[in-house]
*Asks:* 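My structure is below; once you've seen it, I'll send some questions.
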Amino acid sequence: MPRGEGRMERGGAKGAKKKEPAAKMKGNIRAFFSYYKPHKKLFVVDLCSSFTIAVCNLFYPFITRMMMNELVPDKELQLIIVWAAVLLGIYVVKALLTYVVGFWGHVLGVRIQADMRRQFFAHVERLPFSYFDETKTGTIVSRIVNDLFDTSELAHHGPEDTFTSLISIVGAIVMLLFVSPWLSLIVFLYVPLMVLFAVKMRRRMQAAFTKSRETIAEVNASVESSVSGIRVSKAYTAEEREEEKFDRANGEFRRARSEAYRYMGIFQGGMSIFNDVLYLIALVAGGLFLYFGIITEVGDYTAFILYITMLLTPIRTLINLFEQIQDGLSGFIRFREVLAVPPEQDPEHPVSVGLMHGDIVFDNVSFAYKTTGGAAAGEDVLSHVSFTVKEGTTVALVGPSGGGKTTICHLIPRFYDADAGRITIGGIGVDEVTRKTLRRSIGMVAQDVFLYGGTVRENIAYGDLSATDEQIVQAARRANVHEFVKTLPDGYDTEIGERGVKLSGGQKQRISIARAFLKDPPILILDEATSALDNMTEMQIQHSLTELSHGRTCLVVAHRLSTVKNADEILVLRGGKITERGTHAELLALGGEYAELYKYQFREA
């Protein structure tokens, strides 16, 4: 390749790289202003009020100049009073409009913030499990709370202050030209230096404020993790360890924020000296012009200085706005990063069914967990797995940890999608129906029960949000939890605390089972539903699970083999493959891995 062509290609590549951030920034700005569309009437009112306030500010130097040059020398007392009254009226109008901007402008910001939060939360609710596997809860909370708060402040003050400042600057420039074009030219030759300095510093501040956003998210994640695990840290007297972890994250935030404020200080200090020098230039140049007779009226000189002050005031406003712009824009960019993560996708033309019934078939299914970017996070968790769960029967999955049992449970409701092979229910692929249809057909009771902060009634009703009180009570009776609920201070309206912290493990599990009874799905998945319970509680809950499983297609994951002896078929998984299959009696007679596991547990018992 000729050298010239190589240089041209490298130059073109560099040019393309420079254009990418600019294109992204333009896209972010367009997206930011799109949130004003539902509130454009309020936005127009806010801007019109700001515009009128800026115009009102231009009258004081103008009236001052007229009084000093004409009315006072001519002793026009009546006109002085009239123009004073006019100025007072302008100030009253300005005060009313300032109220409109202060109140309705903030209301506009709050409404935009609410729209963004609604969109953010709805999007997060539809993100795939892989996103939550790699993203800390505290980071998500930081983006929806901290980032969007600053973004809403920018939504209010950004356009309003920028618009008002620009109008004031343009108005001041026009009036300066009206007073003295030559004196104004000296001032205007100086202004580009201020703009050049501001542009250079903006880039550095953008990077620094983005870094501080990332570190505060880590602080929030550290707090969320430590508070959620407070019982563990206290039990292991690890409070100091948690404090050290927090101090590290907090220290990173302190350093990142300090760096951001260092650039902010340089920016503000630089702009301050630029402003003061501009004021000095105007003062000295105006004085010389008056001295040499280039301008002849003291009122013109006074008006010029006042208009210079008017020019500097919006510039100072823009300087102070810069921090808010950096904070709000970096928060909005982080908000957009989450929105850019693809949500779970349904087929374009889904099969229309009510609830899904029939045999569950795994046909040569393979799967490996992925990163958010789509790359494999490790080796296959399942490798060419095939089996069938006949409708109305129970199939149990057993074997050592890491064999792929829970993964199978997660593939059926499409918490994750298989990499190869096919999964069908009643002959229909799970990827041929909407996720809502699929998941409405499946009930899950897991080892790690999650209960929402709220009442017993609300948590049971999660199985069917349209259920009546009678249906909720009936579900609780079938789960053998009704008698316990009656002993609570407020019965079904008793608050159970965050994640059901006020309940025992068995009580939480029973509420989870009641939730599944209320849902009444044709397919049931029990993922080690009793493994964390004591033997007595397990026996009591096993009775509820047996009733819950009756007449349903059921898949059971269990480590305690005594709970799956009556399954229609038992599959033994190791290393992502099925190594044995059969009934309890058949597998014992086979004398393989299942028999060894059963003998070992029986001996331990």
Side-chain angles (χ1 to χ4, degrees), residues 43-71 82-102 104-105 156-195 198-199 271-272 274-283 285-286 289-290 294-295 297-322 324-325:
F43 184 48
V44 169
V45 169
D46 187 44
L47 287 187
C48 287
S49 299
S50 300
F51 172 78
T52 308
I53 290 170
V55 172
C56 288
N57 290 332
L58 296 173
F59 277 90
Y60 178 72
F62 176 79
I63 295 175
T64 300
R65 177 175 177 266
M66 183 174 60
M67 282 189 174
M68 293 185 69
N69 285 350
E70 301 172 19
L71 303 185
V82 169
W83 280 108
V86 169
L87 197 58
L88 178 62
I90 290 172
Y91 287 158
V92 170
V93 171
K94 181 182 171 184
L96 293 173
L97 293 175
T98 301
Y99 165 78
V100 171
V101 170
W104 287 109
H156 167 218
H157 293 290
E160 171 199 305
D161 287 353
T162 302
F163 182 68
T164 305
S165 299
L166 291 178
I167 293 298
S168 298
I169 290 171
V170 171
I173 289 172
V174 170
M175 298 307 293
L176 285 171
L177 289 170
F178 176 74
V179 172
S180 175
W182 289 108
L183 192 55
S184 301
L185 183 61
I186 295 173
V187 173
F188 298 158
L189 288 174
Y190 179 77
V191 170
L193 296 176
M194 300 174 64
V195 175
V199 169
M271 292 304 293
S272 175
F274 273 117
N275 283 346
D276 291 340
V277 170
L278 175 60
Y279 194 78
L280 179 62
I281 290 172
L283 189 66
F289 272 47
L290 184 64
I294 301 174
I295 56 176
E297 300 286 349
V298 175
D300 288 350
Y301 179 51
T302 303
F304 189 85
I305 296 300
L306 289 174
Y307 280 124
I308 286 294
T309 303
M310 281 194 58
L311 181 65
L312 291 176
T313 299
I315 289 175
R316 290 193 187 99
T317 299
L318 292 176
I319 291 170
N320 295 329
L321 185 63
F322 246 72
Q324 192 170 71
I325 290 174

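Everything quoted here is computed from the prediction, not taken from an experiment. Only this structure's heavy atoms are used, side chains among them; waters, hydrogens and symmetry mates stay out.
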*Asks:* Carefully, step by step, assess Val100 and Leu96 under the rule side chain to side chain contact (heavy atoms under 4.5 Å, CB included).
*Replies:* CA-CA 7 Å; Val100 171; Leu96 293 173; 5.9 Å; no

*Asks:* Are Tyr190 and Val277 close enough, and set up right, to give a side chain to side chain contact (heavy atoms under 4.5 Å, CB included), and what steps lead you there?
*Replies:* CA-CA 9 Å; Tyr190 179 77; Val277 170; 3.3 Å; yes

*Asks:* Under the side chain to side chain contact (heavy atoms under 4.5 Å, CB included) test, which residues partner Leu47, sequence neighbours left out?
*Replies:* Phe43, Phe163

*Asks:* By side chain to side chain contact (heavy atoms under 4.5 Å, CB included), which residues pair with Leu166, not counting sequence neighbours?
*Replies:* Thr162

*Asks:* Kindly give the heavy-atom pair with the smallest separation between Ile308 and Leu176, and that separation in Å.
*Replies:* CD1-CD1, 4.0 Å

*Asks:* Going from OG on Ser184 to CG on Leu189, what distance comes out if it is rounded to the nearest 0.5 angstrom?
*Replies:*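 Result: 11.0 Å between the selected atoms.
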
*Asks:* Judged by atom type as modelled, is there a donor-acceptor pair below 3.5 Å linking the side chain of Ser50 to the main-chain atoms of Thr164?
*Replies:* no

*Asks:* Distance check, rounded to the nearest 0.5 Å: Ile90 atom CD1 versus Trp83 atom CH2?
*Replies:* 8.0 Å

*Asks:* If I take atom CD1 from residue Ile281 and atom CG from residue Asp276, how far apart are they, to the nearest 0.5 angstrom?
*Replies:*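 Between atom CD1 of Ile281 and atom CG of Asp276 there are 11.0 Å.
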
*Asks:* Using 0.5 Å steps for rounding, measure from the OG1 atom of Thr52 to the CG atom of Leu97.
*Replies:* 5.5 Å

